[in-house]
There are 2 protein chains.
Amino acid sequence: MDIRRADAIADELEQLIFSGEFVDGDRLDENKLASRFGVSRTPVREAFQKLSLSGLVKQLPRRGVFVRQPGPVELLEMFEVMAEIEAVCGRLAAKRISDAALKTLQEANDECQKAVENGDADAYYRENERFHHLIYQQSGNQFLEQEALRLHKRLKPFRRIQLHLRGRMKQSMAEHKAIVKALVDANPEEAAITLREHVAVQGEKFHHLMASLKPA
Amino acid sequence: MDIRRADAIADELEQLIFSGEFVDGDRLDENKLASRFGVSRTPVREAFQKLSLSGLVKQLPRRGVFVRQPGPVELLEMFEVMAEIEAVCGRLAAKRISDAALKTLQEANDECQKAVENGDADAYYRENERFHHLIYQQSGNQFLEQEALRLHKRLKPFRRIQLHLRGRMKQSMAEHKAIVKALVDANPEEAAITLREHVAVQGEKFHHLMASLKPA
DNA sequence: ATAGCAGTTCTTGTATACAATAAGGTTGAC
DNA sequence: GTCAACCTTATTGTATACAAGAACTGCTAT
C-alpha cells in the first residue's frame with residue numbers, strides 16, 4: 001500500500017475503469033467509493049482530480065464526476081496525434097541516438113520476434129513497449145519523452161485489443177524492422193515516416209474493428 | 001468570482017507564479033495561502049493539484065508543493081515540441097482547411113500587420129494568438145487542437161518576453177506570410193516546415209536571451 | 001392529466017478537527 | 001566541541017462536521 005492513499009486510490013480507480021467495471025457516462029459516487037476503499041471522501045476526491053487530469057473522468061461542478069471514455073472519432077484523433085508524436089521522436093532519434101541505445105533497441109526487437117514465434121502476446125506487448133519507449137528516450141528531448149509516455153499510457157487499453165487481430169503481430173514486426181533500419185541509417189525522414197505509419201495503422205485497425213462491431 | 005473557490009484560487013496562484021511573486025523553488029504554504037485567500041486549506045490543496053497537472057508546481061509527498069519553473073534546457077525542449085506540434089497542425093490544416101477559415105486567417109494576419117505598423121505589441125500578441133489557434137483548429141483534429149492549446153498556454157509567459165526583441169515582430173510577419181501561402185497552396189510539407197521554423201526560432205531566440213542574461 | 005412549485009433529501013464543496021510524519025532544536029555523552 | 005539521539009513543533013494527509021446547491025417527490029392548480 002502506498003503512503004499516500006489518494007494516489008493508490010487513483011491507480012485502483014484507473015484499473016477499474018480500464019477493466020470495464022465503470023463504463024462511459026457512469027457517475028463515480030464519492031461516498032460509495034470511500035466506504036468501498038475504507039477511507040473518507042477526502043482521498044477519493046483527490047484521486048478524482050488526478051484522474052481528471054489524465055482525461056479518464058470529467059468533473060461537472062456541483063454535479064459530480066463522470067467516466068469519460070473516448071468515442072471512435074476521438075480515439076482515431078488520439079491515434080493520429082500519437083502517430084505524429086512518435087514520428088517526431090523518430091526523426092529526432094535518428095539524429096541523436098547512441099550506438100548503445102541502438103543495440104538495446106535491436107535486442108528489444110529480437111525479443112519481439114521471439115514472442116511472435118512463440119505466439120506470446122503478453123511478451124510481445126512488453127517488449128514492444130520497451131522498443132517504443134527507447135525511441136521516445138532517444139529523441140534526446142525529455143519533455144517530448146514525457147508527453148509521448150503520457151499519451152502512450154492513455155492509449156494502452158485500446159492498443160492491446162487490436163494486438164489480437166490475426167497477422168497484426170507479424171506485420172508489426174516488419175514495420176519494426178523498417179524503423180530500426182531508418183535509425184541505423186540515421187535517416188530522419190524515413191524514421192518519421194515509418195513510425196508514423198506504424199502507429200497510424202493501429203488507429204485505423206481499431207477504427208475498423210469498432211465499425212465492424214457497431215452494427216452487431 | 002467563481003462558484004468553485006478552488007478553481008479561482010488555482011487561477012490566482014497561476015497569476016502569482018507568472019507575475020514572479022513566487023519563484024522557482026519556493027514552497028507554497030497551505031496555511032499562509034489559506035488565510036491570505038480567506039479560505040480553509042481544502043480548496044488551496046485542490047488548487048495545488050490543478051497546478052501540478054499543468055506542471056507549474058511539484059508535489060513532494062509529505063514535504064509540500066514547490067514552484068517549478070522550467071530551466072533553459074527544458075524550455076528549449078518545450079519549444080522544440082511546440083514547433084513540432086504546430087508543424088503537424090500545419091500539415092493537417094493544409095489538407096483540411098476550409099475557404100472560410102483561410103479568409104479568417106488572412107484577416108488575423110492583416111491585423112497582425114497593422115499592429116506591427118502601429119508598434120502595438122499587445123494587439124500583435126492578441127492577433128498572433130488568434131492566427132495560431134485558427135491553425136490548430138483547422139487541423140481538423142480536436143484532440144490535437146486541445147494539446148496544442150495546452151502547450152501554447154504553458155509557454156505563454158516565455159513567448160511574450162521575446163516579442164520585445166528588436167525586429168522580431170517584423171520577422172515574425174514574414175514567416176506568417178510564408179505560412180499562409182503554404183496553406184493557400186494546400187502544400188502540407190511547406191506548411192509544416194514554415195510553421196516548425198517559425199516556432200523553433202522563438203525557442204532559440206529565448207535561449208540566446210537567457211544565455212546573454214546569465215553572466216550579468 | 002399535466003405542468004409548475006415547494007419541501008425534502010441527497011450530493012457536492014468547504015471548514016475544522018485529528019493523526020502521522022518529517023524537520024528542527026535542545027540536551028547529553030564522548 | 002561535536003555528534004547523535006530524543007523531544008518538540010510544525011506541516012502534511014485524512015477524517016468528520018457543516019453549508020450550500022441540485023435533484024427528486026409530492027402536491028396543487030389549471
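Throughout, a chain's letter reflects where its sequence line sits, starting with A, and its residues are numbered from 1. These numbers were taken from a predicted model, which means no experiment stands behind them.
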What is the distance from [atom1] of [X] to [atom2] of [N], rounded to the nearest Å?
{"X": "B/Q49", "N": "D/dT14", "atom1": "CD", "atom2": "P", "answer": "10 Å"}
{"X": "B/L28", "N": "D/dA10", "atom1": "CG", "atom2": "P", "answer": "20 Å"}
{"X": "A/D7", "N": "D/dT14", "atom1": "CG", "atom2": "C1'", "answer": "13 Å"}
{"X": "A/R41", "N": "C/dA15", "atom1": "CZ", "atom2": "C1'", "answer": "12 Å"}
{"X": "B/Q59", "N": "C/dT21", "atom1": "CD", "atom2": "C1'", "answer": "17 Å"}
{"X": "A/E46", "N": "C/dT14", "atom1": "CD", "atom2": "C1'", "answer": "14 Å"}
{"X": "A/R4", "N": "D/dT14", "atom1": "CZ", "atom2": "P", "answer": "7 Å"}
{"X": "A/E30", "N": "D/dC18", "atom1": "CD", "atom2": "P", "answer": "18 Å"}

Of the nucleotides D/dT12, C/dT16, C/dG13, which has the atom closest to the B/S40 side chain?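 Looking only at side-chain atoms, B/S40 lies closest to C/dT16.
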
Residue B/R62, side-chain atoms from C-beta onward, closest of C/dT21, C/dT11, C/dA17: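 In terms of side-chain proximity for B/R62, the closest of C/dT21, C/dT11, C/dA17 is C/dT21.
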
Does atom CG (B/N118) have a neighbourhood of more than 12 heavy atoms from anything else shown, all under 6.0 Å?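 For B/N118, atom CG is crowded (more than 12 foreign heavy atoms under 6.0 Å).
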
Short N-O contact, A/R45 and B/E46, less than 4.0 angstrom: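 B/E46 and A/R45: salt-bridged.
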
Please assess B/H152 against B/Y136 for the test ring-ring contact (aromatic ring centres under 6.0 Å, His included), listing each intermediate value before the final yes or no. CA-CA 10 Å; B/H152 187 89; B/Y136 305 160; 5.8 Å; yes

Given DNA chain D, 5'-ward residue of the pair B/T42 and B/R27, judged by closest heavy atom: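 Closest to the 5' end, via its nearest nucleotide, is B/R27.
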
Using a heavy-atom cut-off of 4.0 Å across all strands, would you classify A/R45 as base, sugar-phosphate, or nothing?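 The answer is base, as A/R45 lies within the cut-off (heavy atoms under 4.0 Å) of a base atom.
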
Give one of base, sugar-phosphate or nothing for B/R63, where a contact means two heavy atoms less than 4.0 Å apart.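 Contact class for B/R63: sugar-phosphate only.
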
How are the rings of B/H176 and B/H198 set to each other: parallel, tilted or perpendicular (split at 30° and 60°)?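 Judged by the thresholds at 30° and 60°, the geometry between B/H176 and B/H198 is perpendicular.
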
